[in-house]
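Accompanying notes for the structure given below.
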Amino acid sequence: MSAAVSVKPDALSDVCQRMVSKTNPKGTKTECVLADGTSILVSNFLASFIRAGDELLFPLGHEAAAAGTQIYIRKTHPDERRWDVFQAEIGYATQPRKDKRNNLFVSAEVPDSQLGISAISLRCEALRDYFYVGNRRRGWDRQSSFYELLRVNPKVSPAELRLAFKLRTLELRTTHAPTGDLRALERAFNILARPELRACYDALLNDPTSPALFPYGGCGSLLVAGDISRDGSTFYASRILSFLPEQQFKHFRAPLRKVAFYNDRAIYRDSRRRLEVPFDQTSLPLLWDSSWNQWKHLLGAKIGIKATFVQSAKYQQRAGAWHLVQWETALPSRIEVALPSNIVEQIADARKTHHRFGEFSEALDLIRARIESAPVERTDLQKLCAEMGIPADFDTSLITWKPDYDAFYYKQLSKRAGRLYLFQSEYIFDLERAVIIETPRLGHATYLFSKPINMTGFLALYGSVTKDDIRHNRSNVAERLGFLGRLIHGLNPRGWLKELKLRFGEAVDYAAAELPD
C-alpha cells in the first residue's frame with residue numbers, strides 16, 4: 001500500500017480531504033459525490049481513475065478540477081494494490097540522472113505546491129513508454145518504431161522527414177484512420193524533428209534502458225500514478241497517465257536576419273519574446289545553407305509564421321547563479337510559413353551587397369574611417385563612393401548596419417528626413433521639425449533633439465560629446481543641443497511610432513504606416 005499522504009500543518013486549512021461515496025457522469029464531466037454531501041466535478045478521463053471509497057485531496061474552493069488543478073487520489077482499499085494518482089501543473093523537468101539504486105529518473109517541479117508535494121519523480125522508463133512510443137497500450141518490445149510509422153529510413157534528412165509526415169497524414173485522413181493513429185504519427189514527427197529528441201530516441205532504440213528526456217523540458221498538466229514519499233513532499237511516479245503541455249497559437253512576422261542557418265536545418269530565436277521556431281528545408285522553402293549567416297543581416301525580408309507553441313524551460317547561468325528561463329517553442333508539426341512575393345529579389349540584392357562589401361572592402365574601410373571622425377551627409381558619401389569606383393546603386397546606409405537591427409525604425413525615420421548623416425555607428429536624421437539620432441542595432445534608443453538654427457554647429461557639438469554627457473547634461477550640453485528625450489524601441493514598434501508621431505504633431509494613423517506584426 002502507498003504511504004499516508006502528509007500535508008503540512010500550515011496548509012491544512014486550505015486543503016479538502018474527503019472520501020468519495022459515488023460518481024455520477026454528467027456529459028463531458030463526472031461528479032464525484034463526497035462523504036460529507038459536497039461534490040467536485042472532474043474530467044471523465046480523470047474520473048476513470050476514481051472509485052467509491054477513494055480519498056481525494058484538493059485545494060479548498062475548487063468545485064471543479066480542471067486540467068492542472070492539483071488533486072490527489074489516494075487508494076484506500078486494503079484488499080488490492082493500486083497506485084495512487086496525482087495531477088498537477090508542473091514547471092521545469094530536470095535532465096535524467098541516477099538515484100541511489102542507479103535507476104535513471106527525471107524530477108519535475110510543482111511550482112505552486114498546494115498539497116505539500118513540491119516535485120514529481122519520473123522513472124525514465126515511464127517517460128520512454130509515454131513520449132517515445134506510438135501505441136501507449138503496448139510494451140516497448142512490441143512497438144513499431146517512429147521511423148516505421150512514418151515509413152522512412154532512420155538516416156532520413158529533416159526535409160524528407162517532414163515530407164513523409166505530410167504524405168502519411170494525408171493517407172491516414174483519406175482512409176479515415178482512427179484519431180489515435182494521427183496523434184501517434186504527429187508525436188513521432190515531433191520527436192524526430194527535434195535533433196536532441198531524435199538523438200534520445202535513437203539511443204532508446206539501441207538500448208531501452210538509456211536516459212529519456214522530458215520533451216521541451218516540462219511545463220504543463222501532468223497526471224501520474226505512483227506512490228508518495230514518507231514526508232509527503234515528493235510523488236514517485238511509476239506511470240504517466242496524461243500530459244497536456246501549455247499551448248498557444250501565434251501568428252506573426254519574423255525577420256530572416258534572426259534565423260540561424262545550418263546545412264540541414266534552421267532556427268529562429270527571439271530573445272526578447274523568448275520564442276524559437278525550428279525549420280527544415282521543406283517548412284522554410286528556400287535553398288539556404290550555413291553560408292547565409294555571412295550576409296543574412298543585409299536581408300530586410302520578413303516571413304509570416306503561424307505556429308502552435310508549447311512552453312519550455314531551461315536553466316541558464318548568469319552572474320554566477322542559475323536562473324530558470326521560460327521559452328515558447330513551436331511544435332514542428334504545426335508550423336506554417338508564408339514568404340514575401342519578392343523574396344527571390346531580396347535575397348539576390350542581399351547577396352550582391354555582401355559581394356560588394358568584399359569587393360570594395362578597402363574603399364569601405366576608408367569611408368568608415370571618414371565617418372568615425374565627423375558626420376558625413378549621405379549625398380557626400382555617394383560622391384565619395386563613386387570616386388572610389390563603387391557602383392552608384394550601393395546603399396551607403398548599410399556601411400554601419402548591424403545584423404540585429406530592425407529596418408522598421410530606419411524606414412520610418414528615413415521617409416520623414418530631408419537629409420541623412422552617417423557618424424561612427426549612428427544615423428543622424430535631419431527632419432523638418434527635429435533632429436533624430438538612431439543607432440542601427442538592438443538595445444539602443446532613439447534620441448530626439450529640437451531643430452537647430454545651424455545644422456553645422458549642431459553636428460560639430462554633437463561630434464565632440466558622448467551620449468552619457470547628453471543624458472547627464474554635463475556642461476549644459478543637453479540644453480545646448482536641444483535634447484528632448486529618448487524613445488525606447490521596446491518590444492512593440494507600434495508604441496514607438498505612436499510616440500514619435502505624438503511628439504511631432506503627426507496624426508496617428510496606423511493604416512498608413514508599414515507596421516510589423
Pairs meeting criterion salt bridge (Lys or Arg N to Asp or Glu O under 4.0 Å) with involvement of residues 173-184, two or more places apart: none
Once salt bridge (Lys or Arg N to Asp or Glu O under 4.0 Å) is applied, what residue pairs with a partner in residues 352-364 remain, sequence neighbours excluded? Lys352-Asp393, Arg356-Asp393
For the atom pair [atom1] ([X]) and [atom2] ([Y]), what is the distance rounded to the nearest 0.5 Å?
| X | Y | atom1 | atom2 | result |
| --- | --- | --- | --- | --- |
| Glu276 | Arg269 | CD | CZ | 5.5 Å |
| Arg239 | Leu122 | CZ | CG | 13.5 Å |
| Lys166 | Thr282 | NZ | OG1 | 6.5 Å |
| Ile191 | Cys200 | CD1 | SG | 7.5 Å |
| Leu256 | Leu299 | CG | CG | 6.0 Å |
| Ser210 | Asp202 | OG | CG | 10.5 Å |

One pair to check against side chain to side chain donor-acceptor pair (under 3.5 Å): Ser221 and Glu89. What are the steps and the verdict? CA-CA 4 Å; Ser221 176; Glu89 196 79 26; 4.6 Å; no
Would you say the side-chain atoms of [X] pair up with the backbone N or O of [Y], donor to acceptor, closer than 3.5 Å?
| X | Y | result |
| --- | --- | --- |
| His489 | His444 | yes |
| Ser121 | Tyr236 | no |
| Asn293 | Ser290 | yes |
| Ser229 | Thr234 | yes |
| Glu160 | Ser157 | yes |
| Gln114 | Gln70 | no |
| Gln143 | Trp140 | no |
| Arg138 | Val133 | no |
| Asp280 | Ser283 | yes |
| Arg187 | Gly134 | yes |

Could you give me the CA-CA distance, side-chain angles and deciding distance for Thr329 and Ser312, then say whether side chain to side chain donor-acceptor pair (under 3.5 Å) is met? CA-CA 6 Å; Thr329 303; Ser312 58; 3.1 Å; yes
Look at [X] together with [Y] and state whether they make a salt bridge at an N to O cut-off of under 4.0 Å.
| X | Y | value |
| --- | --- | --- |
| Glu328 | Lys250 | yes |
| Arg74 | Asp54 | no |
| Glu171 | Arg151 | yes |
| Arg123 | Asp99 | no |

Give the ring-plane orientation class for [X] versus [Y], where under 30° counts as parallel, over 60° as perpendicular and anything between as tilted.
| X | Y | result |
| --- | --- | --- |
| Trp496 | Phe408 | perpendicular |
| Phe45 | Phe49 | perpendicular |
| Tyr72 | Phe86 | tilted |
| Trp292 | Trp295 | tilted |
| Phe249 | His251 | tilted |

Let me see the working for Tyr216 and Phe309 under side chain to side chain contact (heavy atoms under 4.5 Å, CB included), right down to the final yes or no. CA-CA 11 Å; Tyr216 302 97; Phe309 287 80; over 6 Å; no
Minimum heavy-atom separation for Ala330 to Ala307, with atom names? CB-CB, 3.9 Å
Looking at Leu41 and Lys29, what are the two nearest heavy atoms and their distance? CD2-CB, 4.2 Å
If you apply the rule salt bridge (Lys or Arg N to Asp or Glu O under 4.0 Å), what do you find for Lys75 with Asp84, and how did you get there? CA-CA 6 Å; Lys75 301 299 178 179; Asp84 290 352; over 6 Å; no
Measure from NZ or CZ of Arg198 to the centre of the six-membered ring of Tyr201, then state whether that distance is under 6.0 Å and the direction lies within 45° of the axis. no
Stacked cation flag Arg265 on Phe279, 6.0 angstrom / 45 deg: no
With Phe214, the ring-ring contact (aromatic ring centres under 6.0 Å, His included) member among Phe131, Tyr92, Tyr130, Phe105: Phe131
In sequence, state the C-alpha distance, the side-chain angles, and the governing distance for Ile347 and Trp288, and then conclude on side chain to side chain contact (heavy atoms under 4.5 Å, CB included). CA-CA 10 Å; Ile347 291 172; Trp288 43 261; over 6 Å; no
Please say which of Ile71, Leu241, Thr69 ends up in a side-chain contact (heavy atoms from CB on, under 4.5 Å) with Leu46. Ile71
Pair Ser107-Thr94, side-chain donor/acceptor within less than 3.5 Å: no
Side chains of Ser333 and Glu186: donor-acceptor distance under 3.5 Å anywhere? yes
Arg378 meets the side-chain contact (heavy atoms from CB on, under 4.5 Å) criterion, sequence neighbours left out, with Gln382, Thr396, Tyr410, Ser414, Leu420
Step by step, would you call Ile343 with Ile303 a side chain to side chain contact (heavy atoms under 4.5 Å, CB included)? CA-CA 9 Å; Ile343 185 63; Ile303 57 175; 5.5 Å; no
Is the shortest heavy-atom distance from the side chain of Ser425 to the side chain of Arg441 under 4.5 Å? no
List the steps, then state whether side chain to side chain contact (heavy atoms under 4.5 Å, CB included) holds for Ile90 with Phe243. CA-CA 10 Å; Ile90 64 167; Phe243 177 69; 3.9 Å; yes
